[in-house]
Amino acid sequence: MQKKLKLWDAIMLVMGSMIGSGIFIVSADMTRNLGSGFWLIVVWVITGIMTVAAAISYGELSALFPKAGGQYTYLKEIFGKRMGFLYGWGLFTVIQTGTIAAVAMAFGKFTAYLIPSLNDAAPIFQSGEFKITWIQILAIAVIVLLTYINTRGVESGKILQNIFTGSKIIALLGLIAAGFILVDISHLSENFSWGTDSFNNLKKDLSGNFLKEGWEPIGGMTLLGGIAAAMVGSVFSSVAWESVTFVSGEIENPKKNVVKSMIYGTSAVMILYIAVNYVYLNALDRDGIAFAANDRVAVAASQNIFGSAGTIIIALLVMISTFGCNNGLILAGARVFQTMAKDGMFFKSAVKNNKNEVPENALWMQGVWASILCLSGQYGNLLDMISFVIVLFYMITVFGVIYLRMKQPELERPYKTWLYPVTPVIYLLIGTCFCILLLIYKQQYTWPGFVLVLLGLPVYYFINRKKADA
């Protein structure tokens, strides 16, 4: 593979893949679960520590295995082909493609703010609850466009990524500055006035709308369950940074630049996320955050900051953010499926590069399945289900650092995990608590995604049986 991506490009890929639509939406549900500015920030800080600890740990593996495939390659090399396949199976069926679909739909929904006729138009097709809307068609068009651009060569995808990631970072910094300068009435002290007290408000009326009068104090194990439920949103908003490992084979000096990009990129994004949440807490009161229309907290905050123009400003920001995010996801994901195909674990046609030295067939396979998920209307439910699975695979990979240190201490490690073993242990402890609490209190986030991944086992044995027969 040609080394066309420099350190700056890799950092832009990390940040661009992380910053999608989540940061503009998830704080509403997080506030309903915790009811306090203090706990909202605590959860984002915990998620930040978790994310950066994982990135530091992944750095050791990226230096040991500086080739395309990233996390799939690490799991395969450490724990065998079966574990690698299960991750790749989950990545193709929903983790990568489902995220691409969700981010594309977010682009479509915020575009509808600027073009109301998209919202008002009758469905193109409807049968019972299933329907195909123009917003879904727009989402698919974005996926097809970005897939096509990335088939033109890694340079095309890189330029697009740098432009859109740079734009949304500047826009977020502007939103953060304006959120403290232009707000007439600050709600910051009010939102922190409850201190360490916590509340939740998850009651709904008969129409399914949340009731503003339902705040109840919570503590003990109920609070821990609320933290775990809130972390589903913050974790979802903070994933995909590992996408840069998928394209290691196309990065200059990958043994150094991949780990640098992950640490610099994740640290910068988590600082931005915490700052944006301070803006929400400054611009809106508790009810304004928890019950923002359609959970669009950023829209509500932006209206308080910029007045009537706020909706247009935030819609443009989310469109830029989601477009750039999807470009990074599309660029990176196809490299994993190509690597799997080389190992005989995916469609053979995904192996080939086109004349522009990119895996065109793998790109289109990914794009087609992501588009089908857009049409299904179920991608959002699937993503809720896999937050647990994503963290589980992160934990297995981070544990791989410790496992390799014990099993093969003699390996030459160009980069060693900072503060080892403290850093990977911190991630494993937080991740274990998160997963256990979800298993106890929010099982709808756990078993469905876990079962979906386990369905890959019969597929794996079928593939290997065919190989044995051949």
Side-chain angles (χ1 to χ4, degrees), residues 1 13 16-17 20-21 68-72 87-109 111 124 132-161 164-165 239-240 242-244 246-247 249-250 319 321-342 345-380 382-383 386 452:
M1 289 185 172
L13 180 57
S17 298
S21 57
Q71 192 169 351
Y72 161 76
Y87 172 72
W89 163 265
L91 199 73
F92 183 77
T93 53
V94 69
I95 294 173
Q96 195 80 359
T97 51
T99 305
I100 290 168
V103 172
M105 283 296 293
F107 177 90
K109 287 176 180 178
T111 303
I124 300 168
I132 298 173
T133 66
W134 285 106
I135 291 176
Q136 287 168 297
I137 298 301
L138 176 59
I140 291 170
V142 168
I143 293 170
V144 171
L145 173 63
L146 288 172
T147 299
Y148 172 74
I149 290 170
N150 277 280
T151 64
R152 307 309 297 166
V154 74
E155 284 282 349
S156 302
K158 178 184 83 173
I159 292 167
L160 197 68
Q161 189 67 23
F164 276 85
T165 302
V239 297
E242 75 281 7
S243 292
V244 73
F246 302 163
V247 295
E250 293 159 271
M319 287 170 66
S321 180
T322 49
F323 196 82
C325 176
N326 246 354
N327 181 68
L329 294 170
I330 288 168
L331 184 155
R335 272 64 177 179
V336 180
F337 311 131
Q338 182 186 43
T339 305
M340 290 177 69
K342 289 176 181 177
M345 296 291 172
F346 200 67
F347 301 106
K348 278 185 179 180
S349 57
V351 171
K352 293 181 180 179
N353 276 344
N354 64 9
K355 64 182 180 180
N356 299 314
E357 296 300 318
V358 293
E360 181 170 355
N361 291 340
L363 279 162
W364 284 117
M365 289 173 190
Q366 173 184 257
V368 167
W369 183 244
S371 298
I372 291 170
L373 289 179
C374 282
L375 290 177
S376 74
Q378 302 303 310
Y379 58 88
L382 290 170
L383 286 175
I386 58 149
L452 185 70

What distance do [X] atom [atom1] and [Y] atom [atom2] have between them, rounded to the nearest 0.5 Å?
{"X": "Ile143", "Y": "Met105", "atom1": "CD1", "atom2": "CE", "result": "9.5 Å"}
{"X": "Thr322", "Y": "Leu329", "atom1": "OG1", "atom2": "CG", "result": "11.0 Å"}
{"X": "Asn150", "Y": "Ile330", "atom1": "CG", "atom2": "CD1", "result": "6.5 Å"}
{"X": "Ile135", "Y": "Cys374", "atom1": "CD1", "atom2": "SG", "result": "11.5 Å"}
{"X": "Ser156", "Y": "Leu160", "atom1": "OG", "atom2": "CG", "result": "8.5 Å"}
{"X": "Leu363", "Y": "Ile149", "atom1": "CG", "atom2": "CD1", "result": "12.0 Å"}

Lys/Arg-Asp/Glu bridge criterion (N-O < 4.0 Å) met for Glu360, Lys355
no
Side chains of [X] and [Y]: closer than 4.5 Å at any heavy-atom pair?
{"X": "Tyr72", "Y": "Leu91", "value": "no"}
{"X": "Glu357", "Y": "Val154", "value": "no"}
{"X": "Val247", "Y": "Leu13", "value": "yes"}
{"X": "Met365", "Y": "Phe347", "value": "yes"}
{"X": "Gln96", "Y": "Ser243", "value": "yes"}
{"X": "Arg335", "Y": "Pro359", "value": "yes"}
{"X": "Met340", "Y": "Trp89", "value": "no"}
{"X": "Asn361", "Y": "Phe337", "value": "no"}

Whether the side chain of [X] engages the backbone of [Y] through a donor-acceptor N/O pair (distance < 3.5 Å, no angle test) should be reported.
{"X": "Arg152", "Y": "Tyr148", "answer": "no"}
{"X": "Asn326", "Y": "Val103", "answer": "no"}
{"X": "Gln136", "Y": "Thr133", "answer": "yes"}
{"X": "Ser321", "Y": "Gly20", "answer": "yes"}
{"X": "Asn354", "Y": "Asn356", "answer": "yes"}
{"X": "Trp364", "Y": "Thr147", "answer": "no"}
{"X": "Asn327", "Y": "Gly157", "answer": "yes"}

Going through the distances and angles, do Leu138 and Trp134 end up as a side chain to side chain contact (heavy atoms under 4.5 Å, CB included)?
CA-CA 6 Å; Leu138 176 59; Trp134 285 106; over 6 Å; no
Give a yes or no on whether the ring-centroid distance for Phe323 and Phe164 is below 6.0 angstrom.
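Ring centroids of Phe323 and Phe164 are less than 6.0 Å from each other.
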Phe92 and Phe346 aromatic ring geometry - parallel, tilted or perpendicular at 30°/60° bounds
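The rings of Phe346 and Phe92 stand perpendicular, inter-plane angle above 60°.
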Would Asn353 and Gln338 count as having a side-chain donor-acceptor pair, cut-off 3.5 Å?
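Looking only at side-chain atoms, Gln338 and Asn353 do form a donor-acceptor pair, the distance falling under 3.5 Å.
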